[in-house]
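Reminder, nothing fancy here: chain letters follow the sequence lines and each chain counts from 1.
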Amino acid sequence: MNAKKSDKLATGMIYGLVGIVVSILVALLGYILYNGVPDINWHFLTSEAQSFSAGGGVRDQLFNSLYLLVLALIISFPIALGAGIYLSEYAKDNWVTDIIRTSIEVLSSLPSVVVGLFGYLLLVIQLNMGFSILAGAIALTFFNLPLLTRNIEESLRSVPDLQREAGTSLGLSGWKTITKIILPMALPGILTGLILCSGRIFGEAAALIYTAGQSAPSVDYGNWNLFTETSFLNPMRPAETLAVHIWKVNTESVTPDSSAISSASSAVLIIVILIFNLGARYLGNKLFKKMTASK
Amino acid sequence: MKTYDFNQQYISKIEQEVALSTENVQVHYGKSHAIFDASLDFPRFQITSLIGASGSGKSTYLRCLNRMNDRIAQVDGKILYRNTDINSKTINVYEVRRHIGMVFQRPNPFAKSIRENILFALKNNGINDKKELQERLETSLRDAALWDEVKDDLDKSALALSGGQQQRLCIARSIAMHPDILLLDEPASALDPISTSKIEETLKLLSKSYTIIIVTHNMQQASRISDYTAFFHMGHIIEYNQTKNIFTAPEIKATEDYISGDFG
Amino acid sequence: MDDIQTRLQKSSRATRQDYFGKVICYSCIGLIILLVACILYFIASKGLATFTKNGVNFWNFLTQSDWKPGDVDKYGNPQVGALPMIVTSFSVTILAALLATPFAIGTAIFMTEIANKRGAKFLQPVIELLVGIPSVVYGFIGLSLIVPFIRGIFGGTGFGILSGTLVLFVMVLPTITSLSVDSLKSVPMHYRQASLALGATRWQTIYKVILKAAAPGLLTAVIFGMARAFGEALAVQMVIGNAILMPKNLISPASTLTSKLTTEIGNTVMGTLPNNALWSLALVLLFMSLLFNLIVRFIGRRGNIKNER
């Protein structure tokens with residue numbers, strides 16, 4: 001076979017492979033949205049879940065997912081920021097840094113179910129938190145920290161060294177240079193990464209089953225007192241999230257309309273993550289433009 | 001490549017007041033020895049050029065003078081400023097850099113407005129008086145010959161300026177701190193000829209009130225603007241003298257070869 | 001001594017700021033290191049208790065296929081044989097990776113070498129979105145599409161290794177693709193130009209130059225995909241059937257390490273053998289994840305040596 005022919009053949013094969021991949025992708029997204037979107041309505045989003053009868057909604061699960069996301073970000077962002085600054089600005093090129101980087105890699109490659117089980121062992125059992133939003137948020141932090149740290153490190157690194165030199169040559173402290181000059185320039189990258197991490201957290205279930213629990217007790221959305229049992233903000237109550245809900249209705253199969261609920265919930269998840277993705281892109285671009293623009 | 005004897009040195013004595021001097025400065029990058037026994041005195045309110053081929057160590061040496069090499073290299077020896085060895089471990093490096101400013105090869109304004117570029121470090125040093133800030137903003141920009149070009153756009157992003165303007169902004173940013181000494185590391189190498197000549201004019205004017213040390217690979221530039229010139233070769237200072245002597249009657253063969261272009 | 005001289009020797013606000021910043025950053029990184037150490041310690045100590053406290057033979061754990069931690073066999077030994085789970089986990093992982101790799105690398109080649117800007121621009125965000133789809137959604141689709149489909153063709157329940165493989169295939173496909181794209185993109189442009197200038201066809205260039213230069217990166221991408229597949233819990237658990245049997249074929253219900261863990265950990269009592277045995281499974285997962293990590297590092301080091309100029 002001559003070179004021209006094999007070139008044609010190979011190109012054709014690649015086109016074929018890509019065609020299959022694209023049709024899988026389209027079918028996947030199409031299936032979720034086509035089956036799910038018609039079931040999404042106001043009632044579905046605002047009513048309580050039903051275990052044994054049809055027509056339940058996902059109000060609590062949706063709120064729990066968002067609440068957990070916010071808590072997890074509040075806990076993980078400062079830590080990741082500090083760690084990211086350490087890695088990009090302070091870490092020297094030696095064996096200590098090597099160990100640190102390896103640890104972070106190990107943490108990021110742990111299966112989420114292992115992270116969830118560790119959270120169960122440490123938070124739920126040893127620290128006696130029980131199945132609770134707080135335990136879930138901390139478990140999500142474990143799961144989120146390595147990714148966010150690496151993202152922050154990379155964003156900081158992408159700021160040219162010239163800027164650091166400019167700061168230090170003016171007699172500014174390293175800390176001021178980092179926080180007031182480098183960090184603002186790295187902000188678009190950091191925000192994009194943060195939003196993408198949010199998407200990951202929002203859809204995570206394995207780490208939550210044994211930390212935030214699988215039940216959604218009814219809560220009072222008018223009760224703003226964090227420390228009362230029925231408050232929707234009470235961080236010590238168990239909280240089933242949307243992703244966990246999909247898993248549960250499918251594995252327990254006692255809810256008659258489990259399939260409809262799952263497709264609608266899946267569609268909600270996908271749409272939220274889609275919004276996160278697009279939002280990250282849009283915001284990143286906009287901030288970048290704003291920073292480099294003349295005004 | 002020709003080899004020269006590094007023991008052949010000619011370092012002229014400085015008769016006037018000295019602003020900064022170094023004694024036996026050595027620089028190591030890991031195992032490689034970059035600067036050997038550099039001892040120079042820099043006269044006050046004069047421009048001193050450091051010339052030499054790339055890799056001769058002139059920039060490395062310059063960066064030692066305000067401790068910019070702290071994190072990347074091992075610097076030994078004494079650097080004397082106001083009778084204090086500022087290369088000592090116990091010295092407050094932030095204070096050093098406040099008195100010995102630096103401008104870099106590539107313009108590096110902050111991604112902030114022109115005004116903030118000048119005022120940011122001042123505010124961080126605890127200067128909060130509005131009048132004083134405004135005063136420093138204007139004089140520093142005037143001294144850097146930039147005021148007339150930007151006075152109406154002080155709140156525009158500094159990144160919107162041209163390369164030459166950005167570099168003059170960086171000079172203004174440095175002198176707004178009221179340093180004693182200004183170090184410049186090939187400040188015009190990334191700029192076009194017109195911007196270059198503007199920078200040179202600016203430096204000439206500034207030398208009335210600042211001690212200026214400038215690294216340049218452009219020998220015409222060195223001869224145009226500087227009062228003293230030091231020639232670096234492979235980490236050694238070969239010759240240091242008044243600029244007119246260096247360029248008309250060099251004492252050392254290596255210097256002569258370098259200046260006449262018959263080098264390496 | 002004049003004023004400046006004293007100031008040169010005294011610490012200032014800047015010194016304190018730097019100290020403050022360092023303390024904060026060092027504590028943050030310390031916290032993460034502590035966390036990793038804790039995870040390794042807790043899971044190792046729990047997982048090893050099966051062998052140290054409950055006296056289960058480690059070799060039997062790996063090679064026996066009877067998993068009844070509550071019962072004892074006729075010699076009085078507890079029956080903790082994890083082989084079925086280990087075999088199933090490896091089967092789905094390897095099959096999914098084998099299936100996904102040609103598609104992923106083909107797509108990556110298309111995106112970096114063949115497609116015009118618009119084609120790549122369209123595929124990139126779609127792939128990124130797919131990486132971000134939650135695993136329960138994949139599991140749900142597997143349950144409602146793939147399982148009935150397999151049941152229709154091969155009979156049986158439809159649950160099993162084949163369904164698990166197909167779900168994992170779709171899950172790791174975007175992961176491997178996007179990492180492969182990165183590694184193909186990092187091949188310097190002049191490699192391509194040089195090859196094309198020598199009269200090589202596009203395919204020859206891709207096959208003989210680009211793929212060779214990107215090989216370590218592509219291998220890393222596949223390993224990452226396998227690591228994701230091996231550790232995936234819920235999506236697999238929903239379609240694998242969850243029967244602790246040695247898999248006889250690809251369509252009989254089986255159970256992976258992760259699926260066993262998710263279904264059982266809530267049904268056992270802390271500190272008892274059945275519970276400890278589950279932690280041993282988690283330890284196997286942890287060990288495998290460390291192993292994948294090690295392989296990636298090893299490839300990375302080899303690749304660096306090869307690519308050095």
Undergrad: One pair to check against side-chain contact (heavy atoms from CB on, under 4.5 Å): C:Leu123 and A:Val22. What are the steps and the verdict?
TA: CA-CA 8 Å; C:Leu123 274 175; A:Val22 170; 3.9 Å; yes
Undergrad: What's the separation between atom NZ in A:Lys176 and atom CG in C:Asp18, rounded to the nearest 0.5 Å?
TA: 10.5 Å
Undergrad: Shorter than 4.5 Å, heavy atoms on both sides: which option in C:Thr262, C:Ile109, C:Thr263 has the most such pairs with chain A?
TA: C:Thr262
Undergrad: Identify which of A:Leu274, A:Leu81, A:Leu278 forms the greatest number of heavy-atom pairs closer than 4.5 Å to chain C.
TA: A:Leu274
Undergrad: How many angstroms lie between atom OH of C:Tyr26 and atom OH of A:Tyr86, to the nearest 0.5 angstrom?
TA: 5.0 Å
Undergrad: Between A:Leu117, A:Val244, A:Leu196, who has the most heavy-atom pairs with chain C when the cutoff is under 4.5 Å?
TA: A:Leu117
Undergrad: Step by step, work out the side-chain contact (heavy atoms from CB on, under 4.5 Å) result for C:Phe140 and A:Ile32.
TA: CA-CA 10 Å; C:Phe140 165 64; A:Ile32 300 168; over 6 Å; no
Undergrad: Contact between A:Lys8 and C:Thr201 at the side-chain level, heavy atoms closer than 4.5 Å - yes or no?
TA: no
Undergrad: Given that the side chain runs from C-beta out, which part of A:Ile79 has a heavy atom under 4.5 Å from chain C: side chain, backbone, both or neither?
TA: both
Undergrad: What do you reckon, is CZ of C:Phe224 surrounded by more than 12 foreign heavy atoms closer than 6.0 Å?
TA: no
Undergrad: May I have the step-by-step check of side-chain hydrogen bond (donor to acceptor under 3.5 Å, both in side chains) for C:Arg228 and A:Ser109, ending in yes or no?
TA: CA-CA 8 Å; C:Arg228 182 171 183 197; A:Ser109 64; over 6 Å; no
Undergrad: Determine whether C:Trp279 and A:Leu121 make a side-chain contact, defined as any pair of heavy atoms from C-beta on separated by less than 4.5 Å.
TA: yes
Undergrad: Between C:Ile265 and chain A, with a heavy-atom cut-off of 4.5 Å, which part of the residue counts as in contact: side chain, backbone, both or neither?
TA: both
Undergrad: List the atom of A:Ala205, the atom of C:Val136, and the distance in Å for their closest heavy-atom pair.
TA: CB-CG1, 3.8 Å
Undergrad: Where does A:Pro78 contact chain C at under 4.5 Å (heavy atoms): side chain, backbone, both or neither?
TA: backbone
Undergrad: Once rounded to the nearest 0.5 Å, what's the spacing between atom CD1 of C:Ile114 and atom OG1 of A:Thr11?
TA: 5.0 Å
Undergrad: Between chain A and each of C:Pro174, C:Ala282, C:Cys38, C:Ala104, count heavy-atom pairs under 4.5 Å; write down the option with the most.
TA: C:Cys38
Undergrad: Taking all atoms of both residues into account, what is the closest heavy-atom pair of A:Ile273 and C:Gly132, and its distance?
TA: CD1-O, 3.6 Å
Undergrad: Which pair of non-hydrogen atoms, one from A:Ser173 and one from C:Ala14, has the smallest distance, and what is that distance?
TA: CB-O, 3.2 Å
Undergrad: Take atom OH of C:Tyr207 as the centre, draw a 6.0 Å sphere, and report whether it contains more than 12 heavy atoms from other residues, nucleotides or ligands.
TA: no
Undergrad: If I take atom SG from residue C:Cys25 and atom CD1 from residue A:Ile178, how far apart are they, to the nearest 0.5 angstrom?
TA: 6.5 Å
Undergrad: For C:Ala233, is it the side chain, the backbone, both, or neither that has a heavy atom closer than 4.5 Å to a heavy atom of chain A?
TA: side chain
Undergrad: Is chain A contacted by the side chain of C:Ile39, its backbone, both, or neither, given a heavy-atom distance below 4.5 Å?
TA: both
Undergrad: One pair to check against side-chain contact (heavy atoms from CB on, under 4.5 Å): A:Val21 and C:Phe110. What are the steps and the verdict?
TA: CA-CA 11 Å; A:Val21 170; C:Phe110 177 79; over 6 Å; no
Undergrad: Any idea which heavy atoms bring C:Pro102 and A:Leu17 closest together, and the distance?
TA: O-CD1, 3.5 Å
Undergrad: What's the shortest heavy-atom distance between C:Pro134 and A:Gly203, and which atoms?
TA: CB-O, 3.3 Å
Undergrad: Identify the two heavy atoms, one from C:Gly231 and one from A:Val113, that lie closest to each other, and give their separation to 0.1 Å.
TA: O-CG1, 4.0 Å
Undergrad: In terms of heavy-atom proximity below 4.5 Å to chain C, should A:Gln126 be classed as side chain, backbone, both, or neither?
TA: side chain
Undergrad: Nearest 0.5 Å, please: how far is CZ in A:Phe142 from CG in C:Leu35?
TA: 5.0 Å
Undergrad: Under 4.5 Å heavy-atom distance to chain C, tell me which part of A:Leu122 shows up: side chain, backbone, both or neither.
TA: side chain
Undergrad: Is the shortest side-chain N to carboxylate O distance from A:Glu89 to C:Lys22 below 4.0 Å?
TA: no
Undergrad: Just so I understand: if I count every heavy-atom pair under 4.5 Å between each of A:Gly171, A:Gly199, A:Ala243, A:Ser259 and chain C, which residue has the most?
TA: A:Ala243
Undergrad: Please determine, among C:Leu234, C:Val36, C:Val137, the option with the most heavy-atom pairs under 4.5 Å with chain A.
TA: C:Leu234
Undergrad: Could you tell me which of A:Val26, A:Asn35, A:Ile100 has the largest number of non-hydrogen atom pairs under 4.5 Å with chain C?
TA: A:Ile100
Undergrad: Need one label for C:Leu283: side chain, backbone, both or neither, based on atoms under 4.5 Å from any heavy atom in chain A.
TA: neither
Undergrad: What part of A:Thr102 gets closer than 4.5 Å to chain C, counting heavy atoms only: side chain, backbone, both or neither?
TA: both
Undergrad: So which of A:Leu110, A:Leu87, A:Ile85, A:Leu145 has the largest heavy-atom pair count under 4.5 angstrom toward chain C?
TA: A:Leu110
Undergrad: Quick check: do A:Trp247 and C:Ser135 have side-chain heavy atoms less than 4.5 Å from each other?
TA: no
Undergrad: What part of C:Phe169 gets within 4.5 angstrom of chain A, counting heavy atoms only: side chain, backbone, both, or neither?
TA: side chain
Undergrad: Given side chains that start at C-beta, do those of A:Leu9 and C:Trp203 come closer than 4.5 Å, heavy atoms only?
TA: no
Undergrad: Return the option, out of C:Thr258, C:Leu261, C:Ile24, with the maximum number of heavy-atom pairs under 4.5 Å with chain A.
TA: C:Leu261
Undergrad: Give, as side chain, backbone, both or neither, the part of C:Phe230 having an atom under 4.5 angstrom from any heavy atom of chain A.
TA: neither
Undergrad: Would you mind checking which part of C:Arg13 comes under 4.5 Å of any heavy atom in chain A, side chain (CB onward), backbone (N, CA, C, O), both or neither?
TA: neither
Undergrad: Under 4.5 Å from any heavy atom of chain C, what part of A:Tyr120 do you find: side chain, backbone, both or neither?
TA: side chain
Undergrad: Please state whether the side chain, the backbone, both or neither of A:Phe202 comes within less than 4.5 Å of a heavy atom of chain C.
TA: neither
Undergrad: If you count heavy-atom pairs under 4.5 Å with chain A, which of C:Met288, C:Arg16, C:Gln204, C:Gln237 comes out on top?
TA: C:Gln237
Undergrad: Passes side-chain contact (heavy atoms from CB on, under 4.5 Å), C:Met238 versus A:Thr251? Steps please.
TA: CA-CA 7 Å; C:Met238 287 162 90; A:Thr251 42; 4.2 Å; yes
Undergrad: Measure distances from A:Leu29 to the heavy atoms of chain C and classify the residue's part below 4.5 Å as side chain, backbone, both or neither.
TA: side chain
Undergrad: Counting heavy-atom pairs under 4.5 Å with chain C, which one of A:Ser265, A:Ser112, A:Ser263 comes out on top?
TA: A:Ser263
Undergrad: Given heavy-atom pairs under 4.5 angstrom as the criterion, report whether the side chain, backbone, both or neither of A:Asn277 touches chain C.
TA: side chain
Undergrad: What's the spacing between A:Leu25 CG and C:Ile127 CD1 if we round to 0.5 Å?
TA: 5.5 Å
